[in-house]
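What follows is a single structure, written as structure tokens, with notes after it.
We count residues from 1, following the sequence as given.
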Amino acid sequence: MREDNCIFCKIARGEIPSTTVYEDGDFRVILDLGPASKGHALILPKEHFKDLCEADPVVTAKILPLAGRIGKAMKTGLGASGFNVVQNNGTSAGQTVFHLHVHVIPRYEGGPAMVGWTPGKENAEELERTADVIKGAL
Ligand code: 5GP
Ligand code: ZN
């Protein structure tokens, strides 16, 4: 499936040029146009899914191993000391392109921290209540 007005569908299928670092039958991996660090890559499934909730698990099961391969190449090839794997779902989570994609962001010694949050506090009862709500919705 593809969406006619989806830029990542066009890029994934090679209809719009991109800086591609890897391609197979299921995915194209490209360099982000606005990289958070040198080598920031995006894993694009060739099939259109809006986000992780709508995606085919057979396809998404292949993403983490591929992210590991790409990250390893960033370490070996670019000298990255680590990498973040980031995947945004929904506007409130920072998703701006509504074709499922996974960021692989190389990190370098002394570079800025890019993915983080301020830890909050929660009591055990509230954690249990929250867990029950999620369990009930699974
Ligand atoms: P999101 O915020 O949706 O998780 O990430 C979208 C990412 O796609 C952003 O990091 C943005 O820089 C990148 N991006 C948006 N349009 C294009 C494009 O046409 N080509 C490439 N290579 N990256 C894009
Ligand atoms: Zn698409």
Side-chain angles (χ1 to χ4, degrees):
M1 284 282 289
R2 54 169 292 162
E3 284 228 333
D4 282 345
N5 289 324
C6 174
I7 180 111
F8 279 5
C9 275
K10 291 178 181 154
I11 291 174
R13 289 158 187 271
E15 294 163 17
I16 291 178
S18 62
T19 310
T20 295
V21 298
Y22 175 83
E23 184 182 6
D24 63 21
D26 294 313
F27 303 103
R28 180 185 295 271
V29 182
I30 64 171
L31 293 187
D32 197 298
L33 271 185
S37 66
K38 187 179 177 62
H40 179 167
L42 300 172
I43 299 175
L44 311 182
K46 291 188 172 177
E47 195 171 340
H48 180 90
F49 308 109
K50 186 181 79 171
D51 60 22
L52 201 50
C53 300
E54 294 197 350
D56 179 350
V58 173
V59 174
T60 55
K62 298 175 186 173
I63 292 180
L64 214 48
L66 179 55
R69 268 183 82 188
I70 301 292
K72 199 169 174 186
M74 288 166 170
K75 292 175 77 174
T76 308
L78 293 175
S81 51
F83 59 95
N84 296 107
V85 178
V86 178
Q87 199 272 314
N88 300 326
N89 297 279
T91 306
S92 62
Q95 186 176 8
T96 59
V97 180
F98 292 87
H99 174 125
L100 173 72
H101 54 279
V102 173
H103 298 255
V104 186
I105 307 172
R107 299 282 299 274
Y108 299 93
E109 282 309 325
M114 287 171 198
V115 180
W117 56 87
T118 307
K121 277 205 168 103
E122 194 62 280
N123 63 54
E125 293 78 17
E126 187 57 27
L127 288 178
E128 286 297 337
R129 272 194 294 274
T130 304
D132 285 343
V133 173
I134 297 170
K135 281 188 231 169
L138 280 173

- Determine whether Ile30 and Thr19 make a side-chain contact, defined as any pair of heavy atoms from C-beta on separated by less than 4.5 Å. no

- Query: Where do Leu44 and Phe8 come nearest, in terms of heavy atoms and distance?
  - Reply: CD2-CD2, 3.5 Å

- Closest non-hydrogen contact found for Phe27 with Val59 is CZ-O, 3.5 Å

- Query: Lys50 side chain to Ala55 main-chain N or O, any donor-acceptor pair under 3.5 Å?
  - Reply: no

- Passing candidate, side-chain contact (heavy atoms from CB on, under 4.5 Å) with Glu54, options Asp56, Leu52, Asp51: Asp51

- Answer yes or no: is there a side-chain heavy-atom contact under 4.5 Å between Ile70 and Phe83? no

- Query: Between the main-chain N or O of Ile7 and the side-chain N or O of Glu15, is there a donor-acceptor pair closer than 3.5 Å?
  - Reply: no

- Query: If every non-hydrogen atom of Arg13 is compared with every non-hydrogen atom of Lys46, which pair is closest and at what distance?
  - Reply: NH2-O, 3.2 Å

- Spell out, yes or no, whether Ile11 and Tyr22 are grouped together once hydrophobic residues are joined by side-chain heavy atoms under 4.5 Å, including indirect joins. no

- Message: Can you give me the closest heavy-atom contact between Met74 and Gly39, atom names plus distance?
- Response: CE-O, 3.0 Å

- Give a yes or no answer on whether the side chain of Lys62 reaches the backbone of Pro57 with a donor-acceptor pair at less than 3.5 Å. no

- Query: Do Asn84 and His103 have side chains that get closer than 4.5 Å, going by heavy atoms?
  - Reply: no

- To the nearest 0.5 angstrom, please state how far the CZ atom of Phe49 sits from the SG atom of Cys6. 12.0 Å

- Given side chains that start at C-beta, do those of Leu42 and Val102 come closer than 4.5 Å, heavy atoms only? no

- Message: Side chains of Asn5 and Glu3 only: does a donor on one sit below 3.5 Å from an acceptor on the other?
- Response: no

Side-chain atoms of residues 108-122: list all donor-acceptor pairs with protein atoms under 3.5 Å, sequence neighbours left out, distances to 0.1 Å.
residue : atom : partner : partner atom : Å
Tyr108  : OH   : Lys38   : O            : 2.6
Glu109  : OE2  : Ser81   : OG           : 3.3

- If you draw a 6.0 Å radius around CG in Leu64, do more than 12 non-hydrogen atoms from other residues or ligands fall strictly inside? no

- Query: If you group Ile, Leu, Val, Met, Phe, Trp and Tyr by side-chain heavy-atom gaps below 4.5 Å, do Val21 and Ile105 land in one group?
  - Reply: no

- Decide whether Val97 and Ile43 are clustered together by the hydrophobic rule: side chain heavy atoms of Ile, Leu, Val, Met, Phe, Trp, Tyr closer than 4.5 Å, transitively. no

- Item | Sub-4.5 Å side-chain heavy-atom contact between Pro45 and His99 | yes

- Item | Shortest non-hydrogen contact from Arg28 toward Thr20 | NH1-OG1, 2.9 Å

- Message: With clusters defined by side-chain heavy atoms of hydrophobic residues (ILVMFWY) lying less than 4.5 Å apart, directly or transitively, does Ile16 cluster with Val29?
- Response: no

- Task: Compare all side-chain heavy atoms of Leu100 with those of Gln87 and state whether any distance is below 4.5 angstrom.
- Result: yes

- Minimum side-chain heavy-atom gap Arg129-Asp132 below 4.5 Å: no

- For the atom pair CG (Asp32) and NE2 (His40), what is the distance rounded to the nearest 0.5 Å? 4.0 Å

